[in-house]
Asker: 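Here it is, the structure, as structure tokens.
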Amino acid sequence: MRSPADNASFASLFAPPHSLTRREASVTLLSLLGRVYCTRENGLDRRMAEEKLPTRAQDFSEWYNQLVLKAQLADYAPVRGCMIVRPYGWALWENMQQALDRRFKATGHQNVAFPLLIPRSFIDKEKHHVEGFSPELAVVTIGGGEKLAEPLVIRPTSETIIGHMWSKWIQSYRDLPVLMNQWNSVVRWELRTKLFLRTLEFYWQEGHTAHATRGEAEIETRQMLDIYADFAVNDAAIPVIPGKKSDAEKFAGADVTYSIEGMMGDGKALQSGTSHFLGQNFAQAFEVKYLDQGGQLQHCWTTSWGLSTRVIGAIIMVHGDDQGLVLPPKLAPYQVVIVPIYKTDEEKSSVIEAARKLKSELVATNVRVTLDGREGPSPGWKFNDWEMRGVPVRVELGPKDVAKSAAVLARRDRPGREGKISSPLRGMPEAIAQLLVEIQQAMHDKALAFRKANTHHAKSYDELKMAVENGFAYSYWCGSADCEAKIKEETRATMRCIPIDQSLGEENAKVDGDGTCVYCGQPAPERAIFARAY
RNA sequence: CGGGGCGUAGCGCAGCCUGGUAGCGCGCCUGCCUUGGGCGCAGGAGGUCCCGAGUUCAAAUCUCGGCGCCCCGACCA
């Protein structure tokens with residue numbers, strides 16, 4: 001955890017007269033807050049300080065940073081703003097990839113691979129695209145020791161190079177639609193970075209489609225948004241609000257951008273997937289044209305959509321608690337961990353035998369399971385370790401359990417004794433499978449309840465200001481960029497989206513007719529979510 | 001790019017103000033002992049004190065200049 005002295009920037013806000021040193025100032029501040037921090041003078045506290053995370057209430061940002069490192073999801077790369085995804089984090093991403101890829105394939109998309117390097121001139125071809133992306137491009141100017149005739153940019157996204165190729169491949173209405181996706185990484189030179197949420201390079205999928213008609217492309221855009229929402233809700237257990245972005249927030253080059261927005265554990269919003277209706281903007285810039293049935297040359301209508309490793313950050317921040325990660329069973333690298341407990345060699349052999357048998361039964365029923373056979377750490381240590389790493393179900397198996405052909409099951413989403421039950425070994429794979437389903441549902445319901453509790457239907461500007469302090473404000477907005485900009489300037493909250501479902505999923509919610517803008521009081525047809533965002 | 005903080009063993013830090021033998025905890029290795037909620041004891045290995053210049057008999061410590069990272073703002077998936 002952070003020592004008081006590390007909080008100097010915070011403490012400096014309250015800096016007393018210069019007669020006090022910085023540390024004294026910090027201590028003064030902390031005692032004002034009435035909070036007891038562990039001291040560096042006490043050896044025991046010191047050890048605990050290193051093993052325990054800060055609580056989310058103490059410092060949400062630091063809780064997140066330390067958890068990502070301690071759970072071994074990722075680490076900082078030697079290059080500023082870049083991350084290394086470690087095996088545990090990548091296993092989570094692989095499960096996410098499979099869940100999404102399955103849905104993409106089921107809706108007719110095919111995977112492809114386009115190059116990392118894109119001619120600089122391609123980016124320049126679409127007016128809004130170049131304006132949006134120029135500041136954050138990484139550019140290669142030298143290759144093989146020679147200065148390049150034309151600089152190459154490292155892809156920030158692939159609309160341009162795909163448009164270029166489509167112009168060659170697409171000739172006829174019979175070639176349409178083209179439904180492609182690629183899993184890759186992209187680079188955007190962000191100024192301020194945070195593991196998973198915003199790094200210079202990040203991993204994602206980018207889908208790109210071309211259609212004969214506007215209507216078809218619009219349907220595709222919405223279909224992919226629905227797929228993202230379905231994935232978020234059913235696999236990541238994250239309730240999200242699908243909606244439309246304002247002009248200020250939309251993708252550079254899109255006519256319409258949709259997103260799914262989730263509420264994190266600190267009440268801030270995270271855009272967790274986007275789907276763009278690109279109109280004919282890129283088709284015109286790259287001359288993606290086809291002959292229709294009447295022999296007329298037409299520009300295609302295109303879409304693009306992406307979901308990134310940022311959602312790993314969402315999973316951490318939505319479900320995590322003060323003990324660490326809480327991973328949704330459908331995506332968790334390990335759904336079950338078996339912790340064997342024994343003293344003597346005799347106990348060890350019978351316990352390990354039972355544990356191995358259980359493990360193979362679980363494997364046979366397609367449960368992702370690991371047996372923690374490490375010799376060094378004590379069982380108690382392992383409990384805490386796997387809790388921190390978010391494994392949904394822990395099986396505690398010791399001599400007492402073996403004696404009665406049972407084991408203790410502990411639910412990660414219900415910490416402490418409350419989440420523990422003794423369960424017979426016979427039929428345990430089925431019981432665990434059922435438990436995983438329950439946990440998945442409970443996690444979603446908990447997150448939804450949290451979002452509801454922190455979403456306020458703010459009718460006045462004062463109410464909005466209050467609401468965005470720790471959650472979402474849901475308010476009528478006239479649609480003007482001026483009001484949007486003023487709200488952002490004055491509250492640091494941005495317009496997240498205009499929810500497609502204006503009832504926010506409340507079955508019996510009364511959807512009011514037209515209202516008046518929360519900022520200017522002019523007539524407003526729709527309500528929008530305002531929140532501070534990552 | 002502005003404001004702040006930090007850089008000393010794998011990790012977390014103390015030492016710096018007031019220059020003189022480089023330390024503590026965790027982790028790691030060996031042995032014993034323990035194991036049902038972060039065991040214990042003993043021994044051991046491990047250092048370019050971020051880099052460079054300067055001051056000095058002597059620099060982790062003082063001065064100047066770089067570099068890097070983290071946090072807070074402006075920009076963003």
Side-chain angles (χ1 to χ4, degrees), chain A residues 1-3 5-13 15 21-22 26 40-52 59 61-62 65-66 69-70 75-82 132-133 135-136 156-157 186 188-200 202-206 245 248-249 251-252 257 259-261 270-276 305-311 313-314 323 339-344 347-348 351 374-388 394 396-401 407-408 410 415-417 420 422 488-489 492 494 533-534:
Chain A
M1 87 168 269
R2 207 174 237 229
S3 79
D6 292 336
N7 263 328
S9 59
F10 183 33
S12 65
L13 292 172
T21 65
R22 195 166 60 228
S26 307
R40 293 283 156 176
E41 285 69 39
N42 181 312
L44 179 65
D45 283 352
R46 219 164 144 154
R47 195 183 66 223
M48 298 308 281
E50 278 165 27
E51 287 175 353
K52 283 199 172 152
D59 189 340
S61 178
E62 192 57 22
N65 288 339
Q66 289 191 24
L69 298 176
K70 282 170 65 92
D75 204 346
Y76 294 101
V79 175
R80 177 197 75 87
C82 291
F133 278 111
E136 48 187 78
T157 179
V186 291
R188 299 178 186 177
W189 213 263
E190 301 292 349
L191 299 177
R192 211 177 130 199
T193 59
K194 199 175 177 78
L195 293 174
F196 290 120
L197 299 181
R198 199 181 303 99
T199 47
L200 298 201
F202 60 91
Y203 300 87
W204 74 343
Q205 55 70 217
E206 47 175 322
K245 286 290 196 184
E249 298 279 337
F251 174 75
T257 288
S259 71
I260 52 172
E261 301 283 332
L270 184 78
Q271 179 171 321
S272 306
T274 53
S275 185
H276 313 293
W305 26 276
L307 186 147
S308 75
T309 41
R310 170 178 259 199
V311 174
Q323 314 307 316
V339 178
I341 300 158
Y342 48 79
K343 287 194 184 79
T344 63
E347 286 174 352
K348 178 178 171 182
V351 165
R374 287 178 288 179
E375 293 286 350
S378 67
W381 192 91
K382 290 175 180 175
F383 294 171
N384 285 287
D385 190 45
W386 289 111
E387 254 166 32
M388 189 265 293
R394 179 179 67 243
E396 303 174 9
L397 187 58
K400 295 179 209 165
D401 305 293
V408 172
R417 194 155 295 165
K420 284 198 191 190
S422 183
K488 180 176 178 181
E489 201 179 306
R492 283 167 50 219
T494 50
Y534 279 98

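Chain identifiers are assigned alphabetically (A, B, ...) following the order of the sequence lines, protein sequences preceding nucleic acid strands; residue numbering begins at 1 within each chain. Keep in mind it's a predicted model, so treat the numbers as computed, not measured.
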Asker: Is a donor-acceptor pair below 3.5 Å formed from side chain A/Arg188 to base B/C76, judging by atom type as modelled?
Answerer: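 Check fails, no donor-acceptor contact within cut-off.
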Asker: Once you apply a heavy-atom cut-off of 4.0 Å, does A/Val408 come out as touching a base, just sugar-phosphate, or nothing?
Answerer: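 The answer is base, as A/Val408 lies within the cut-off (heavy atoms under 4.0 Å) of a base atom.
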Asker: For A/Lys382, report the nucleic acid contact type (base, sugar-phosphate, nothing); a contact means any heavy atom under 4.0 Å.
Answerer: nothing
Asker: Using a cut-off of 4.0 Å on non-hydrogen atoms, how would the nucleic acid contact of A/Arg492 be classed: base, sugar-phosphate, or nothing?
Answerer: sugar-phosphate
Asker: Just to be sure I understand the rule, does A/Glu190 reach a base, reach only the sugar-phosphate, or reach nothing, if contact means heavy atoms closer than 4.0 Å?
Answerer: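 Base: the residue A/Glu190, judged by heavy atoms under 4.0 Å, touches a nucleobase.
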Asker: Relative to the 5' end of RNA chain B, which residue comes earlier, A/Met388 or A/Asn65, by the nucleotide with the nearest heavy atom?
Answerer: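 It is A/Met388, whose closest nucleotide lies nearer the 5' terminus.
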Asker: Should A/Arg192 be listed as having a side-chain N or O under 4.0 Å from OP1 or OP2 of B/G73?
Answerer: yes
Asker: Side-chain N or O of A/Lys488 versus OP1/OP2 of B/C75: is the shortest distance under 4.0 Å?
Answerer: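 For B/C75, OP1/OP2 do have a side-chain N/O of A/Lys488 under 4.0 Å.
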Asker: Could you state the CH2-C1' distance from A/Trp381 to B/G36, rounded to the nearest angstrom?
Answerer: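 Nearest whole value for this atom pair: 17 Å.
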Asker: Return the nucleotide paired to B/C57: Watson-Crick means purine N1 to pyrimidine N3 with N6-O4 or O6-N4, wobble means G-U with N1-O2 and O6-N3, both under 3.5 Å.
Answerer: B/G20
Asker: Quick one: label A/Phe251 by what it contacts on the DNA or RNA (base, sugar-phosphate, nothing), any heavy atom closer than 4.0 Å.
Answerer: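 Nothing: the residue A/Phe251, judged by heavy atoms under 4.0 Å, touches no strand.
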Asker: From B/G37, B/G36, B/C1, pick the nucleotide closest to the side chain of A/Arg394?
Answerer: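 Of B/G37, B/G36, B/C1, B/G37 is nearest to the side chain of A/Arg394.
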